[in-house]
Amino acid sequence: MALKIEQNSPSCDDVCKLKIDGEMTIYVIALLKEDIEKTFDQHDRFELSLAEVEEIDSAGVQLLFALVKELERRSKTFCLTALSPEVVKLFQRYGVENRFSNGVAA
């Protein structure tokens, strides 16, 4: 599991671009959550790429819902910018592929 954070992107004002590669499973979710939450007070908008996620389980999906809920509570925006085939498959299996349309959990 690796989280890459690109803060203060010169092309976008106040956007924190996050990228997760490797796994989003129960074994690494606590660390991912902790690392992502460190950026919450520094930005108003968040973009998360899951294009390089090789393995995801229900804990990974729960993390995404929790992130959306917390950022909404803080009046911040969140969107998913890319999904790996594994993420798409799991979203479809759980019937949540439409819950993240336009980056917002419905």
For this session: Considering non-hydrogen atoms only, spot the tightest contact between Arg73 and Glu70 and give its length.
Result: NH2-OE2, 2.7 Å
For this session: Kindly indicate, with the supporting measurements, whether the criterion side-chain contact (heavy atoms from CB on, under 4.5 Å) is fulfilled by Thr77 and Leu71.
Result: CA-CA 6 Å; Thr77 60; Leu71 290 169; over 6 Å; no
For this session: Test Lys89 against Glu86 for salt bridge (Lys or Arg N to Asp or Glu O under 4.0 Å), laying out the working first.
Result: CA-CA 5 Å; Lys89 274 193 269 184; Glu86 290 75 17; 5.2 Å; no
Exercise. Looking at CD of Glu37 and CG of Asp35, how far apart are the two atoms once the value is rounded to the nearest 0.5 Å?
Worked result: 10.0 Å
Exercise. Hey, does the side chain of Ser84 reach the backbone of Val53 with a donor-acceptor pair shorter than 3.5 angstrom?
Worked result: yes
Exercise. Roughly how far apart are Cys16 SG and Gln42 CD, rounded to 0.5 Å?
Worked result: 7.5 Å
Exercise. Does a sphere of radius 6.0 Å around NZ in Lys19 hold more than 12 heavy atoms from other residues, nucleotides or ligands, not counting ones at 6.0 Å or beyond?
Worked result: no
Exercise. Stepwise, does the side-chain contact (heavy atoms from CB on, under 4.5 Å) test hold for Lys4 with Leu18?
Worked result: CA-CA 6 Å; Lys4 295 178 181 144; Leu18 306 166; over 6 Å; no
For this session: Using side chain to side chain donor-acceptor pair (under 3.5 Å) as the criterion, list what pairs up with Glu55, not counting sequence neighbours.
Result: none
Exercise. What distance separates Phe78 CZ from Glu72 CD, expressed to the nearest 0.5 Å?
Worked result: 10.0 Å
Exercise. Do other residues, nucleotides or ligands put more than 12 heavy atoms under 6.0 Å from the CZ atom of Arg93?
Worked result: no
For this session: Name all residues meeting the side chain to side chain donor-acceptor pair (under 3.5 Å) criterion together with Ser49; count only those two or more places apart in sequence or in a different chain, and write none if there are none.
Result: none
Exercise. From Arg99 CZ over to Phe65 CZ, what is the distance, rounded to the nearest 0.5 angstrom?
Worked result: 4.0 Å
Seminar exercise, completed: On a heavy-atom basis, the closest approach of Phe46 and Lys76 is CE1-CD, 4.0 Å
Problem set entry | Met24 vs Leu64 side-chain heavy atoms within contact, under 4.5 Å | yes
For this session: To the nearest 0.5 angstrom, please state how far the CG atom of Leu3 sits from the CG atom of Leu31.
Result: 10.5 Å
Problem set entry | Rounded distance (nearest 0.5 Å) linking atom CG of Leu90 with atom CD of Gln92 | 10.0 Å
Problem set entry | Verdict with reasoning, Arg74 to Asp44, per side-chain contact (heavy atoms from CB on, under 4.5 Å) | CA-CA 9 Å; Arg74 294 175 182 233; Asp44 290 325; over 6 Å; no
For this session: Identify the heavy atoms of Glu23 and Leu32 that sit nearest to each other, and give their distance.
Result: O-CD1, 4.2 Å
Exercise. Passes side-chain contact (heavy atoms from CB on, under 4.5 Å), Ile20 versus Leu48? Steps please.
Worked result: CA-CA 8 Å; Ile20 298 174; Leu48 176 60; 3.9 Å; yes
Problem set entry | Name of the residue among Leu50, Val68, Val87 meeting side chain to side chain contact (heavy atoms under 4.5 Å, CB included) with Leu80 | Leu50
Exercise. Hey, is the main chain of Ile5 close enough, under 3.5 Å, to the side chain of Lys17 for a donor-acceptor pair?
Worked result: no
For this session: Using modelled atom types only, decide if a donor and an acceptor are shared between the side chain of Asp57 and the backbone of Ile26 within a distance under 3.5 Å.
Result: yes
